[in-house]
Amino acid sequence: MASHFGTMQGWSIASECEVDLSVEQESFCFQANLIDLINILLLVVYLLTLVIAACKKQLRVGATDLPWLCLVASPCCVLLGVACVCLGALRSPSSSPGAELLVRGVVWVFVAVSLVVRPTRLSRAAAMAWWAAMAVMRTVYGLEMVARGSSLPVLDVAAWVVSLVLLLCAFVVDRAGRRAVAAGGETEPLLSARGRERSAAAAAAAFGEAGFLSRLLFTWMDPLLRLGYSKPLGLGDVPPLDTDDEAAQACSTFLREWHRWRRASSTDGETAMSRLVFSVLAACYKKDLLLTALYTLLRTLAFGAMPVMLYAFVSYSYRRQRELAAGMGLIAALVVMKLVESLSQRHWFFGSRRLGMRMRSALMAAVFEKQLRLSSEARRRNSAGEIVNYIAVDAYRLGEFPYWLHLGWSMPVQLVLAIALLFWTVGAGTLPGLVPVAACGVLNVPFAKMLQRYQSRFMKAQDERQRATAEVLNAMKVIKLQSWEDRFRETVQRLRDDEVRWLTETQVKKAYGSALYWMSPTIISAVIFAGTAALQSAPLDAAVVFTILATLRVISEPMRMLPEVLSVMIQIKVSLDRIGKFLMEDEFQDDAVDRTSLPSSDMIMTINNGVFSWEPSKAIATLKSINITAMQGEKIAVCGPVGAGKSSLLCAMLSEIPRVSGSVALSGSIAYVPQTPWIQSGTVRDNILFGKPMNSEEYDKAIRCCALDKDMENFPHGDLTEIGQRGLNMSGGQKQRIQLGRAVYNGADIYLLDDPFSAVDAHTAATLFNDCVMAALENKTVILVTHQVEFLSKVDKILVMENGEITQEGTYEELLQSGTAFEQLVNAHKDSKTTLDTNDRREAAKELGAFQCQVPLIQQNSEAEISTGNLVSVQLTEEERRELGEIGLKPYKDYVSVSKGWFLLVMILITQCAFIGLQCLATFWLAVAIQNHQFSVAVVVGVYAAMATVSCLFAYVRSLITAYFGLKASREFFSGFMDSVFKAPMLFFDSTPTGRIMTRASSDLSILDFDIPFSMTFVISGSIEIAATIAIMILVTWQLVLIAVPVIVALLYIQRYYIASARELVRINGTTKAPIMNYAAESMLGVITIRAFAETKRFIQTNLQLIDTDATLFFYTNAALEWVLLRVEALQILVIVASSILLVSLPEGAVAPGFLGLCLSYALMLSSAQVFVTRFYSNLENYIISVERIKQFMHLPSEPPAVISDRRPPPSWPSAGRIDLENLRIKYRQNAPTVLRGITCTFAAGHKIGVVGRTGSGKTTLLSALFRLIDPYGGRILIDDLDICTIGLKDLRMKLSIIPQEPTLFRGSVRSNVDPLGLHTDEDIWKSMEGICKVQIFLVLTRGIMPQD
């Protein structure tokens, strides 16, 4: 007779085979014993393979390279074996059941060993055969017991599940073995194998080469994730994009369609812009949009069918006669439904973001290409900062556009489907519930409009703050020199406060929205329950009640998402409008210059009766009656007073200024040197080559004729020295000569030089003119704009300009004899030199004591200079630093600590626990109340509604606390970040690209504003919800704990496995966006030079490469996320299926239908809840990197204090102005060469001192030392006998004044530029500009110094 040991509610712990069994029981015992015997034989075979491996000295454990599934399955087998051994030991070991359990326990332990120890191919084959055989035998045995209506013991259920996992392990190990063989075998050295693994990762992870199953299950990501788990990923480890996803193809497709649609479109105006851009994108990607729409539809249908499955399961539990086939059919349908939902949702999300990446890349590339083709008027309408915003904000936003587009139509479909299910379930009882549904829908409209209004104002405020921040960063040197940090810091903070005001409104209103989201299902369900009871359209049993609740969960998603969808789509429309308007701007006219019809072969350029205007729409001519003819090899100088139109004349030759009338013709290539140097970030060599291949002979010639050879010797890395952003580490003369070298190396036919000698000393200017213009460019046509009259006698022709016209033309002698403006210009130059010479002689005796200098004589290659070459020097612009590896909870602690939000975080936890607890109590109350029928419908519905409503209030409080938590963090991080940046030394700004700072002040700060607080809260709330769900399921079916525990362990492992790679991918991605922004802004500033050198295509190609690099990280980050979500869903589906099997297999009456409905209603939401948590946890791990990045700049090395209270100079200091330099030594960095080497001199009070020297000799450095932009590492500077290093920076700089080498103006009025601190009256400002007649005339014409409305 079978023993009742270890039974519970009809369920036995282990199978038992004793005497006096029925025929059917004897059959089962025989099958169990047969399985045990086969397992023992297979165990012996496996052990023999280990003995053979040991004899060959190949016995080793490959735990480091094990598939994750084996690592999960092995502990499960051990637990199962221990359970069998313990149960066998509790019984008499001599009895048959006890001995059988002991044998099974030993077998399971050795199965666990086989999952880890497989040293040879033979042992691997034996182990895989064993696992497969166990899976087949256990499955046949279990199905037969279920088919015959016998209860399946708990250990047998667990063994069945684990054996199925072993079957999956066999497939995984077999695939890994095939890959290892393909890579070159198992016996090669470890280092070689690891090297091949890295290269194989790049090849095998390519999406385009993956097969159908690999794409379906995202297994093509396995090699990259495996590599990322073994070591921190680098950019070189990430495979490139497929050709279909590259920016070049996306841009060409978009532009082809854009031009076609633009020609076909008959509508004009801004209202049609977004529709036009959307139509072009839809035409380019209609197939991909339809495919992702199919995925969206499948997911919507599968998710909407969930209440039907719940109704079917609960109805099945009510049956007196349960058919096993019907139960198995329900389980099969559930599996199919969940698989379809999971796979379709994963590919909807992945496909939408992949498509969005293509759209984003296309628009980013199109905007960049457009900026290189903008006309002069269009460039004035669109600043570099605005164009960067089109790329960084508007185009980036479209990365999520397809996802939100499909969400926009699928949510209404899901809502209609859910309402139809309600009618199917309760019939007319649904009608009262439609009233609150409609009310909630109506309330969403004004709520969405309000959110959109706040969001629009927030974005406007954000643009203003970012524009001001970029302006401050670009002008930081002037701000520090003038000690204006506090003024501009207050300006940025004021704009940020305005931005935070609208951010607060947005976040608080979202908290109201969350209350509406949670309240609506409660109100709707209560009304439907009451309506059903009143109309008696359906019985309020477990099937109906929990089907209604499940259907309302389906309804709640559209009601929550639709306002957000509307808000996002409005933002996307704004972005499409902005991009569409920009793409419609006027373009540079390539055909404005005729390159074919020159009358003579010797003639290289001619302008006939040219009239040009920067603003043709206003009919104000900038240049009038221009007639020029230039012959091959001719040298033409253009001179005239300031504002005469000399630079505009060169722009007319380049077609940069619109031509009103006349003609321009030229032949050959052009090289252009602008008046304001334009230098790219990169090395000196890169700037000179400018895309041309290296030719050593021509390169050396360009270096020598531009007087750069001496500079190259002094540069720490020669011509490989890196130039900072906008050439910050180069003097004005060096930048001018570098761009002159660029022009010479280019080997063009025509050279347009716009005052190239203005920033160099007289000796260098003479060298450049003689060696470069007259010698190196001897056979080239040169048109030189210059104010250096001494060079005019050597040119072939001189053009004199006044008021936009050429007033004189001829040789030097001819113009002198004409006795007109040119003669006056030359005489004025001679008079000024004579006056200076006379004053010099008159003041010679007086000045003799004014300047005393002792400088150690240092020859060009002296010992002191040579010694600096041995110093370890680094490039100015350093690689952006990023954290590596796992950093645990530190960024989370930093986020909470900096924001001082520990109390708010605890309150979030408490309110969320209260919310989940009351929600569970409300549904538990329904499950209890519908069973005993002791309460009226009014009481049941009233208690449920009361508890659910109170829980929603807690949800609202939680959302409100989260909003204030995030706002507090945003304020603290921004303040700390900006304070640190404003206090950073000038060296930081010289070595850090502005884009690197701006990405932290824009995208990273935006993540802190919007994403981190709510993601953190969602992870906490979702984790609590999952824990509560599993607890309810285990309370109903305790056997589920055997599945839940291994699944939780597997989930934690998979999360850790994924995060190792995802974290590094996001970190790398954080460093790939800034180069795109920097490159766009830099190219916009040099667009005239780029077009003049015909380098537009090269710049477009480089930009495409930068976009692809950024898109690659975006692509693989999203693919990795979908990889982990798919596996998480698979494990949760396993829990759901196991729960449904238990509920179907339980004897009648073991679980009441109400509790079955309660259990299944939570179980069916488990996978969605787990995906929700996993997605937000993954996003949070990615978002928290923004905290790392901002934190890096919150603790920068600081300048000395602005004010030292106990060392403040007297108010009258400096009373005389005597400056003493004592053995002054300056270097820019600890490991950099010395720039000023022991200068000792005195500048007497009240005298005007001229500092001269070659470009790069240290003149600017000397002034920087006076203002303490760089502190000396040796010696000191005294002003009126006070060491300037002993007082505060503000006390020093406010007493000094400087006119910087590079002019800087700020956005605003003339008054705000002249007096940024607002310390002076209008009269004082007018007096200060008395000597600047041009400015006075301009101000009179514009009616004042304030901007006019």
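Looking at every heavy atom in both residues, D796 comes nearest to T811 through O-CG2, 3.5 Å. Residues Y672 and F1093 approach most closely at O-CE1, 3.2 Å, considering heavy atoms. Scanning all heavy atoms of the two residues, the minimum distance from M603 to T606 falls at SD-CB, 4.0 Å. The heavy-atom pair separating E634 from A630 by the smallest distance is OE1-CA, 3.5 Å. Across every non-hydrogen atom of A775 and D771, the tightest pair is CB-O, 3.3 Å. The minimum heavy-atom distance between M801 and L623, with the atom names listed, is CE-CD2, 3.8 Å.
Judged by distance alone, with hydrogens and angles left aside, the side-chain atoms of T807 form a donor-acceptor pair with the main-chain N or O of V800 at under 3.5 Å. The closest donor-acceptor contact from the side chain of K1097 to the backbone of E1095 lies at 3.5 Å or more, if one exists at all. Formation of a donor-acceptor pair under 3.5 Å by the E809 side chain with backbone atoms of I798 is not found in this model. Of the possible polar contacts, one joining the R737 side chain to the A707 backbone as a donor-acceptor pair under 3.5 Å is found. Judged purely by atom type and a 3.5 angstrom limit, K780 uses its side chain to pair as donor or acceptor with the backbone of A748. When atom types are taken as modelled, the side chain of R1098 and the backbone of F690 share a donor-acceptor pair closer than 3.5 angstrom.
Residues passing the side chain to side chain contact (heavy atoms under 4.5 Å, CB included) test with V472, sequence neighbours excluded: M476, I479, F488, V492, F982. Considering only residues two or more places apart in sequence or on other chains, R704 meets the side chain to side chain contact (heavy atoms under 4.5 Å, CB included) condition with D700, K701, D709. Listed by chain and number, the residues in a side chain to side chain contact (heavy atoms under 4.5 Å, CB included) with A766 are N770, F791 (sequence neighbours excluded). Legend: residues meeting side chain to side chain contact (heavy atoms under 4.5 Å, CB included) with A702, ordered by chain and number and at least two apart, are V744, Y745.
Between the CG atom in N609 and the CD1 atom in I626 there is a gap of 10.0 Å [rounded to 0.5 Å]. With values rounded to the nearest 0.5 angstrom, H787 atom NE2 is found 9.0 Å from C639 atom SG. Going from atom CE of M605 over to atom OG of S667 covers 10.5 Å, rounded to the nearest 0.5 Å. Atom CZ of F769 sits about 8.0 Å away from atom OG1 of T786, to the nearest 0.5 Å. With rounding to the nearest 0.5 Å, the separation of SG in C705 from CG in L740 is 7.0 Å. Considering CG of N779 and CD of Q632, their distance stands at 8.0 Å, rounded to 0.5 Å.
Taking the centre and axis of the six-membered ring of F588, the NZ or CZ atom of R379 falls outside the cone set by 45° and 6.0 Å. Judged by the 6.0 Å and 45° rule, R659 forms no cation-pi pair with F612.
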**Request:** For side chain to side chain contact (heavy atoms under 4.5 Å, CB included), just list the numbers for N687 and Q739, CA-CA rounded to whole Å, side-chain angles, deciding distance to a tenth of an Å, and then say yes or no.
**Result:** CA-CA 7 Å; N687 274 274; Q739 69 167 358; over 6 Å; no
**Message:** What verdict does the salt bridge (charged side-chain N to carboxylate O under 4.0 Å, His left out) test give for K370 and E587, after you've listed the backbone C-alpha separation in whole Å, the side-chain angles of each residue and the deciding distance to 0.1 Å?
**Reply:** CA-CA 8 Å; K370 181 71 176 185; E587 293 190 0; 2.9 Å; yes
**Request:** Decide side chain to side chain contact (heavy atoms under 4.5 Å, CB included) for I738 and L708; before the verdict, give the C-alpha distance in whole Å, the side-chain angles of both, and the deciding distance to 0.1 Å.
**Result:** CA-CA 8 Å; I738 287 172; L708 283 168; 4.0 Å; yes
**Message:** Pair L799, I628 - check side chain to side chain contact (heavy atoms under 4.5 Å, CB included), show working.
**Reply:** CA-CA 9 Å; L799 304 178; I628 301 174; 3.8 Å; yes
**Prompt:** When you look at I1298 and Q482, which way does the side chain to side chain contact (heavy atoms under 4.5 Å, CB included) test go after all the steps?
**Reply:** CA-CA 8 Å; I1298 187 173; Q482 304 288 358; 3.9 Å; yes
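Side-chain contact between L752 and L654 is present, with at least one heavy-atom pair separated by less than 4.5 Å. Residues W678 and R742 meet the side-chain proximity criterion, which asks for heavy atoms closer than 4.5 Å. At a threshold of 4.5 Å between non-hydrogen side-chain atoms, the residues R380 and E615 count as touching. Contact annotation: the side chain of I688 approaches that of Y699 to within less than 4.5 Å [non-hydrogen atoms, C-beta and beyond]. For the pair E1082 and S681, the minimum side-chain heavy-atom distance is below 4.5 Å. Put simply, the side chain of P677 reaches to within 4.5 Å of the side chain of Q736, judged on heavy atoms. Counting heavy atoms from C-beta outward, K797 and I783 have side chains that stay 4.5 Å or more apart. Taking the side chain as every heavy atom from C-beta outward, P658 and S613 never approach each other to under 4.5 Å.
Within the structure, the salt bridge (charged side-chain N to carboxylate O under 4.0 Å, His left out) test picks out the following pairs touching residues 667-694 (sequence neighbours left out): R685-D719.
Salt-bridge check for E471 with R467: failed, with every basic side-chain N at 4.0 Å or more from each acidic carboxylate O.
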Using residues 642-652 as the side-chain source, report each donor-acceptor pair under 3.5 Å to any protein atom, sequence neighbours left out, with the distance given to one decimal.
| residue | atom | partner | partner atom | Å |
| --- | --- | --- | --- | --- |
| K646 | NZ | G640 | O | 3.3 |
| K646 | NZ | P641 | O | 3.0 |
| S647 | OG | Q675 | OE1 | 3.4 |
| S647 | OG | D754 | OD1 | 3.2 |
| S647 | OG | D754 | OD2 | 2.7 |
| S648 | OG | W614 | NE1 | 3.1 |

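Two rings, from Y1079 and F368, have their centers less than 6.0 Å apart.
Under the 3.5 Å distance criterion, with hydrogens and angles disregarded, no donor-acceptor pair is assigned to the side chains of Q371 and S1083. Neither side chain, Y751 nor N746, offers a donor N or O lying under 3.5 Å from an acceptor on the other. Side-chain contact check for Q734 and D711: at least one donor-acceptor pair (N or O, by modelled atom type) lies under 3.5 Å.
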